Undergrad: 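Once you've had a glance at the structure underneath, I'll fire off some questions.
It should be emphasised that the depicted structure is a prediction, and the values quoted were computed from it without experimental measurement.
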Amino acid sequence: MCGIVVYLSLDPLPPSSDAPPILTALQSSNAVRGPDAQGSLQTQLDSDLTLHAYASVLHLRGSEVTPQPHRNENGDWFCWNGEISEFENDGKLLFSKLTSPASSITSVMASIEGPSPIHSRFLPLATDLSLQKSSNTLYFARDPIGRRSLLIHKPTAAQPEFILTSAPPIESAETAYEFEEVEPDGIYAINLNDVAAGNIGVHVENLARSDQPTTYTSIPTLNQSLPEPHAPLLTYPLVPHFVPIVTRFSELLSESVRLRAQNVPSTPPGQSRLAILFSGGLDCSVLAYFADKHVPKDSPIDLLNVAFQNPRTSSNSNASSSTYSVPDRQTGLQQLAELRRVCPERVWNF
């Protein structure tokens, strides 16, 4: 998870010490999304148009922290929040492809939505923003099914700035700014040559991600009919047919967890390096089970469980159970006992 901010104004930006309050607030709210590195750049595009880009980095891949925004000597820059590469920094990898002479942003982004030369295993979970200096165009997009946040503030008479941000401002004085989600339906582009003397918001163009529909964004075929009322249930003799499927599914889940857990920075002995939101349900229990296989055994795993006080229980004087003994707490404790049974070498913090 990284944080991204783009602030586009028709007024020159003052020195950083006198930055607009909304920009300062957005940088603060996005800094917590990327504790390992923060960076910014400011570009005076012409006498009337100033662009400020900020990014924070949560380091999960590569041997070294790679700050953002990525930039080159031509004045192009790129911010990225996503997952496509197993070993190297995603943003660095994509930026090199985007700035190669024969590429376009649509062809590069289309190539990673599914099997691709970049990486064949992942649907990119991404938010990206980039400025192509040669054409003076700002591009921004979300992943095709919207699993990475990106908000937009469109200019108004009272708040004429154009803003893109991963997280809204926290400071109450700046929450008057209205934000909405960027739709994950394409790649958006703003030709900055067109906006120097006009409203920024009316110059946003939606580009198709690809000339061909992708399997990840197409609506799948749904069943058109209901089963027979008395159709027989699957019986035991059919189970062996599913063994290879279940085995392969288990392998893919384990590999997916490994890729996300193996490069989490180490912590001092006895301290957790990984936490899992844990209600005790099937999904989080499976994640915890596979995490045990890929995190060093001497590193505890935190299971974060949220339970709200039950007022009906607290008002019942005859209640013998805790007022926090609500369903998610109970299932969490049950699955904690199961994890300690099947993974006894691990310290599980609940």
Side-chain angles (χ1 to χ4, degrees), residues 1-4 28-38 56-61 65 81-83 122 125-127 143 145-151 165-170 181 249-250 252-314 319 321-350:
M1 179 173 68
C2 299
I4 298 171
S28 176
S29 62
N30 281 276
V32 297
R33 295 171 60 92
D36 298 311
Q38 296 84 38
S56 62
V57 176
L58 176 64
H59 174 60
L60 293 176
R61 287 172 201 82
V65 177
N81 175 24
E83 300 177 39
F122 303 116
L125 315 180
T127 295
D143 68 280
I145 52 180
R147 288 182 286 183
R148 286 292 187 271
S149 64
L150 186 63
L151 306 176
T165 178
S166 299
I170 299 173
E181 289 188 335
F249 183 57
S250 178
L252 291 173
L253 279 177
S254 181
E255 176 69 1
S256 180
V257 173
R258 182 189 70 81
L259 292 172
R260 287 154 177 81
Q262 66 177 356
N263 288 328
V264 176
S266 299
T267 54
Q271 293 187 15
S272 172
R273 63 191 289 183
L274 184 71
I276 298 173
L277 299 178
F278 193 79
S279 66
L282 177 63
D283 293 351
C284 60
S285 298
V286 169
L287 288 177
Y289 174 77
F290 283 120
D292 176 71
K293 296 179 177 297
H294 303 298
V295 173
K297 295 295 184 182
D298 60 353
S299 177
I301 293 179
D302 291 345
L303 305 176
L304 307 182
N305 182 268
V306 178
F308 294 95
Q309 186 180 39
N310 186 340
R312 295 186 297 275
T313 303
S314 60
S321 61
S322 166
T323 57
Y324 289 95
S325 186
V326 293
D328 277 0
R329 187 72 173 174
Q330 294 174 11
T331 55
L333 289 168
Q334 291 168 0
Q335 288 304 310
L336 171 65
E338 180 69 5
L339 284 170
R340 286 174 172 168
R341 186 185 69 81
V342 299
C343 308
E345 299 178 17
R346 174 78 56 192
V347 173
W348 299 97
N349 297 327
F350 182 83

Undergrad: Is a side-chain donor or acceptor of S299 paired with a backbone partner of S272 at a separation under 3.5 angstrom?
TA: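 Side chain of S299 to backbone of S272, a donor-acceptor pair under 3.5 Å: no, none is there.
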Undergrad: Quick one: does R260's side chain have a donor or acceptor within less than 3.5 Å of a partner on S256's backbone?
TA: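 Yes; at least one donor-acceptor contact below 3.5 Å.
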Undergrad: What's the shortest heavy-atom distance between Q38 and D36, and which atoms?
TA: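 Shortest heavy-atom separation between Q38 and D36 comes out as NE2-N, 4.2 Å.
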Undergrad: As a quick check of understanding, evaluate side chain to side chain contact (heavy atoms under 4.5 Å, CB included) for V347 and N349, giving each step before the final call.
TA: CA-CA 6 Å; V347 173; N349 297 327; 3.6 Å; yes
Undergrad: Would you list the pairs meeting salt bridge (charged side-chain N to carboxylate O under 4.0 Å, His left out) in which at least one residue belongs to residues 325-340, sequence neighbours left out?
TA: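 Found E338-R341.
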Undergrad: For residues 276-286, dump all side-chain donor-acceptor pairs below 3.5 Å to protein atoms at least two apart in sequence or in another chain.
TA:
from : atom 1 : to   : atom 2 : distance (Å)
S279 : OG     : G281 : N      : 3.3
S285 : OG     : G281 : O      : 2.7

Undergrad: Can you tell me how far CG of N81 sits from CZ of R33, rounded to the nearest 0.5 angstrom?
TA: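 Here the interatomic distance stands at 6.0 Å.
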Undergrad: How far apart are the closest heavy atoms of C2 and S56, and which atoms are they?
TA: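 The answer is CB-O, 3.0 Å.
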Undergrad: So does F290 have more than 12 non-hydrogen atoms from other groups sitting under 6.0 Å from CZ?
TA: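 Atom CZ in F290 is crowded, with more than 12 foreign heavy atoms closer than 6.0 Å.
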Undergrad: Mind listing the closest non-hydrogen atom pair of G270 and P300 along with its distance?
TA: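 Looks like O-CG, 3.5 Å.
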Undergrad: So how far is it from R346 CZ to L339 CG, rounded to the nearest 0.5 Å?
TA: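 CG of L339 is found 10.5 Å from CZ of R346.
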Undergrad: Tell me, which pairs form a salt bridge (charged side-chain N to carboxylate O under 4.0 Å, His left out) where one or both residues lie in residues 294-304, sequence neighbours left out?
TA: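 Passing the test, one end in residues 294-304: D292-K297.
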Undergrad: Nearest heavy-atom pair of A275 and L304: which atoms, and what distance?
TA: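 Result for this residue pair: CB-CD1, 3.9 Å.
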Undergrad: Go through L287 and V257 one step at a time and tell me if the side chain to side chain contact (heavy atoms under 4.5 Å, CB included) criterion holds.
TA: CA-CA 7 Å; L287 288 177; V257 173; 3.8 Å; yes
Undergrad: How far apart are the C-alpha atoms of V326 and F308, what are their side-chain angles, what is the distance that settles it, and do they pass the side chain to side chain contact (heavy atoms under 4.5 Å, CB included) test?
TA: CA-CA 7 Å; V326 293; F308 294 95; 6.0 Å; no
Undergrad: Counting only heavy atoms not in E345, do more than 12 sit closer than 6.0 Å to its CD atom?
TA: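 Open: at most 12 neighbouring heavy atoms sit under 6.0 Å from CD of E345.
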Undergrad: Looking at S29 and P168, would you say the former's side chain and the latter's main chain have a donor-acceptor pair under 3.5 Å?
TA: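 Yes.
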Undergrad: How about N30 and T165: does a side-chain donor come under 3.5 Å of a side-chain acceptor?
TA: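 The answer is yes; a qualifying pair exists.
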Undergrad: Under 3.5 Å, is there a donor-acceptor pair linking the side chains of R258 and S254?
TA: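 No - no donor-acceptor pair under 3.5 Å links their side chains.
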Undergrad: Rounded to the nearest 0.5 Å, what's the gap from OG on S166 to CZ on R148? Could you check?
TA: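 One gets 10.0 Å once the value is rounded to the nearest 0.5 Å.
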Undergrad: Rounded to the nearest 0.5 Å, how far apart are CD of E255 and OG of S250?
TA: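 Answer for the CD-OG pair, E255 versus S250, is 12.0 Å.
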Undergrad: Let me confirm one number: the CG-CZ distance from L333 to F350, rounded to the nearest 0.5 Å.
TA: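 Nearest 0.5 Å value for the CG-CZ distance: 4.5 Å.
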Undergrad: Pair N305, L303 - check side chain to side chain contact (heavy atoms under 4.5 Å, CB included), show working.
TA: CA-CA 6 Å; N305 182 268; L303 305 176; over 6 Å; no
